[in-house]
Protein chains: 2
Amino acid sequence: MMTSPITLDALRVLDAIERRGSFAAAAESLYRVPSAVSYTVQKLEEEMGVPLFDRSRRRAALTDAGRLVLEHGRRILLATDEMTALARQSGAGWEVELRICVDTILEPDALYPLLEAFQSIQPRTRVVLSEEVMGGAWDALHDNRCDLVIGAPGEAPVSGLASQQLGEVSLVFAVARGHPLTGMPQPLSAEVLRDYPTVVVADSSRSLPSLSSGLLDGRSQIIVPTIAQKIEIQHKGLGVGYLPLHRVQRQIAAGSLEILALEVDRAPVTLSIAWRSGRQGKALKWFIERLCAPGMGAAFGL
Amino acid sequence: MMTSPITLDALRVLDAIERRGSFAAAAESLYRVPSAVSYTVQKLEEEMGVPLFDRSRRRAALTDAGRLVLEHGRRILLATDEMTALARQSGAGWEVELRICVDTILEPDALYPLLEAFQSIQPRTRVVLSEEVMGGAWDALHDNRCDLVIGAPGEAPVSGLASQQLGEVSLVFAVARGHPLTGMPQPLSAEVLRDYPTVVVADSSRSLPSLSSGLLDGRSQIIVPTIAQKIEIQHKGLGVGYLPLHRVQRQIAAGSLEILALEVDRAPVTLSIAWRSGRQGKALKWFIERLCAPGMGAAFGL
DNA sequence: CTAAAAGGTCAAATTTTTTGAATGATGACA
DNA sequence: TGTCATCATTCAAAAAATTTGACCTTTTAG
């Protein structure tokens with residue numbers, strides 16, 4: 001199929017003609033001589049094989065085909081302008097899109113002021129937020145489904161990723177007030193726990209070795225998609241399990257959740273921010289710099 | 001805001017480079033010399049103010065910005081090709097879109113074979129069907145909401161419209177079997193009718209003088225949007241009114257609807273096809289020609 | 001190590017576009 | 001009914017752009 005011979009310049013000329021009402025006025029606004037405008041239009045018509053103007057009267061009037069080309073042409077011009085802006089932005093080092101992934105173990109609230117500040121200095125970079133659970137964040141980074149993760153647990157499971165510690169989160173074994181386990185002698189043994197369903201946050205990892213949540217097999221489980229739902233369910237006494245201390249401070253203080261000691265207690269988990277090493281855009285750098293600032297862990301409640 | 005200096009030719013060159021894998025191969029497929037391709041790319045980069053290729057190695061590789069321009073550029077090229085095709089079609093006299101409106105007094109079945117035949121000779125003209133009720137068709141034509149109406153009743157209410165008679169439709173006053181009116185002495189007087197709700201098809205006219213359905217005021221009415229619903233409702237005995245004979249032949253024959261004589265009976269209505277006079281595209285002509293053929297009225301059941 | 005292939009540079013050749021002057025046509029307005 | 005200004009077009013000349021072809025340097029496959 002013959003490729004379209006159109007020229008963007010011709011579309012701009014067409015736009016100017018319609019906008020200004022005449023070839024002469026268009027020529028003026030384009031800083032050209034009228035005959036140049038006439039020439040461009042004729043060439044466009046010849047190339048398209050279709051008359052774009054009806055010249056039977058004094059003022060050239062658009063034909064149906066001409067109007068069609070004008071209207072589609074304006075959209076095309078808009079698209080090229082937009083593309084140019086995006087490319088310039090990309091060339092200047094600002095990503096067109098930055099995908100940030102927050103592990104559900106963190107509440108994303110501390111991120112919002114950062115986002116706001118970022119948007120005010122660089123509104124053209126689209127920021128896409130997502131949530132992942134327990135190692136899914138590492139996975140998303142590795143699979144190039146995101147560019148920056150906040151709150152990834154432990155160490156990077158593959159190379160090629162860079163990270164920076166954000167803080168530690170203590171995991172406490174908590175049950176609802178009045179739960180049968182609260183009456184048992186502490187520290188609790190594994191056998192005692194076996195009688196109660198454990199609430200597990202689904203690990204959304206896909207291609208990396210799954211980080212198990214360190215729970216023994218053979219117990220009944222309740223699988224939930226987010227930490228928030230896990231807290232909710234444990235709070236209602238439907239199941240037991242480890243919860244990040246900073247997310248349940250309030251319930252502990254109110255007594256509606258109780259911390260129990262286990263024979264083998266879990267070590268605190270280190271949470272990090274992480275990104276792919278190598279080329280970094282300005283937006284990524286901006287976020288990394290701010291997230292590495294002292295006190296950022298505290299901002300996230302760690 | 002500076003307008004984008006991009007050239008479609010440059011986008012085509014970019015596309016060829018990516019497609020063929022090298023400047024040299026692209027040059028060959030474009031029937032140019034490699035230095036010409038190099039020149040075009042450099043000019044594009046200069047105009048955009050962004051390097052599109054990473055030349056640190058042997059083969060030039062697209063930068064992020066380059067890939068962005070390539071991908072957006074391909075969409076832009078596609079859009080211009082499509083526009084060109086549409087414009088050529090329009091220039092050849094074929095409408096890009098033809099809007100046909102069928103009055104609900106007709107069943108549109110007879111139109112389908114025509115549509116099929118049309119699509120097979122001119123698949124690029126988009127045909128848009130709509131339905132209007134009782135004079136709404138004239139309105140749609142006048143308001144330029146459609147290009148051709150089929151089954152418009154009576155005469156054109158404004159000038160500037162052309163029409164051709166399609167046939168006559170007899171309107172019969174029909175009620176359900178066993179309806180109290182069937183026991184009355186015929187012809188029925190207006191007073192007798194006053195006791196039963198009349199079913200009225202809503203007139204969707206907007207700006208033209210409304211063609212009333214010729215019913216007396218002061219009676220209770222049931223307003224429905226289509227003839228089909230009017231038939232349904234009268235068939236169930238919920239209301240009375242005139243119906244187009246050709247749409248209720250079956251029910252009359254089966255005896256589930258009965259025709260009653262009125263003191264003042266309605267004259268048959270002439271149905272026409274109509275279009276705006278003046279410029280006509282080939283698609284419109286094609287349909288008019290076929291719809292004016294003898295026997296077309298019969299095809300619509302008239 | 002060499003030859004082939006890639007991309008680039010540069011001046012000259014070629015093509016395209018712009019210019020400016022001249023022309024005919026149309027419509028506004030006295 | 002005549003101006004008269006405005007409009008679009010044509011044409012040759014001028015200017016700008018693109019393309020070419022000869023020649024370079026670098027990289028890589030064999």
Side-chain angles (χ1 to χ4, degrees), chain A residues 2-63 65-67 69-70 73 77 80, chain B residues 2-63 65-67 69-70 73 77 80:
Chain A
M2 209 342 226
T3 171
S4 172
I6 294 175
T7 266
L8 291 180
D9 178 66
L11 296 181
R12 262 178 228 117
V13 169
L14 211 57
D15 173 66
I17 293 172
E18 203 273 347
R19 204 184 285 283
R20 304 294 310 274
S22 78
F23 282 35
E28 187 188 19
S29 77
L30 292 167
Y31 305 108
R32 298 184 201 182
V33 112
S35 58
V37 169
S38 194
Y39 168 83
T40 304
V41 170
Q42 283 177 54
K43 195 164 66 79
L44 181 62
E45 288 179 312
E46 189 197 345
E47 282 166 341
M48 304 246 302
V50 172
L52 266 23
F53 286 91
D54 169 15
R55 285 132 163 120
S56 64
R57 287 195 231 163
R58 181 159 167 55
R59 308 187 80 87
L62 283 166
T63 60
R67 184 152 299 284
V69 172
L70 172 73
L77 290 174
T80 61
Chain B
M2 203 355 219
T3 170
S4 170
I6 293 177
T7 264
L8 291 180
D9 179 64
L11 297 181
R12 260 177 231 117
V13 169
L14 211 57
D15 173 66
I17 292 172
E18 202 274 344
R19 205 185 283 283
R20 303 295 307 275
S22 78
F23 282 35
E28 187 187 20
S29 78
L30 292 166
Y31 306 106
R32 297 184 202 180
V33 111
S35 59
V37 170
S38 193
Y39 169 82
T40 304
V41 170
Q42 284 177 52
K43 194 164 66 80
L44 180 62
E45 288 179 313
E46 187 196 348
E47 281 166 341
M48 303 246 304
V50 171
L52 266 23
F53 285 91
D54 168 16
R55 288 141 163 110
S56 64
R57 288 194 234 161
R58 179 157 164 59
R59 308 188 78 89
L62 283 167
T63 61
R67 183 152 300 283
V69 173
L70 172 73
L77 291 174
T80 61

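Heavy-atom basis, side chains included; hydrogens, waters and symmetry copies ignored. Chain letters run A, B, ... following the sequence lines, proteins first and then strands; every chain starts at 1. Computed from a predicted model, the values in this text were never measured in an experiment.
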Query raised in the report: For the pair made of CZ in A/Arg59 and C1' in D/dA5, what is the distance, rounded to whole Å?
Result: 12 Å
Query - Most 5' of B/Ala24 and A/Arg57 on DNA chain C, judged by nearest nucleotide - result: B/Ala24
Report summary line: Per the under-4.0 Å heavy-atom filter, residues of residues 32-40 of chain B near DNA chain D come out as B/Arg32, B/Val33, B/Ser35, B/Ala36, B/Tyr39, B/Thr40
Query raised in the report: So, are B/Lys43 and B/Asp9 salt-bridged, with charged N and O less than 4.0 Å apart?
Result: no
Query - Working for side-chain contact (heavy atoms from CB on, under 4.5 Å), residues B/Thr7 and B/Glu47 - result: CA-CA 10 Å; B/Thr7 264; B/Glu47 281 166 341; 5.5 Å; no
Query raised in the report: What's the CZ-P distance between B/Arg58 and D/dA29, to the nearest Å?
Result: 8 Å
Query raised in the report: Checking side-chain contact (heavy atoms from CB on, under 4.5 Å) for the pair B/Phe53/B/Leu62: CA distance, chi angles, key distance, verdict?
Result: CA-CA 4 Å; B/Phe53 285 91; B/Leu62 283 167; 3.7 Å; yes
Query raised in the report: When rounded to the nearest 0.5 angstrom, what is the spacing between CZ in A/Arg55 and CZ in A/Phe23?
Result: 5.0 Å
Report task. Report yes if at least one side-chain N or O of B/Gln42 is closer than 4.0 Å to OP1 or OP2 of C/dT9; otherwise report no. Result -> yes
**Report entry** Contact under 4.0 Å: B/Lys43 side-chain N or O vs D/dT18 OP1/OP2
**Finding:** yes
**Report entry** Residue-phosphate contact under 4.0 Å: A/Arg55 side-chain N/O, D/dT9 OP1/OP2
**Finding:** yes
**Report entry** Integer-rounded Å distance: C/dT17 P and A/Arg12 CZ
**Finding:** 14 Å
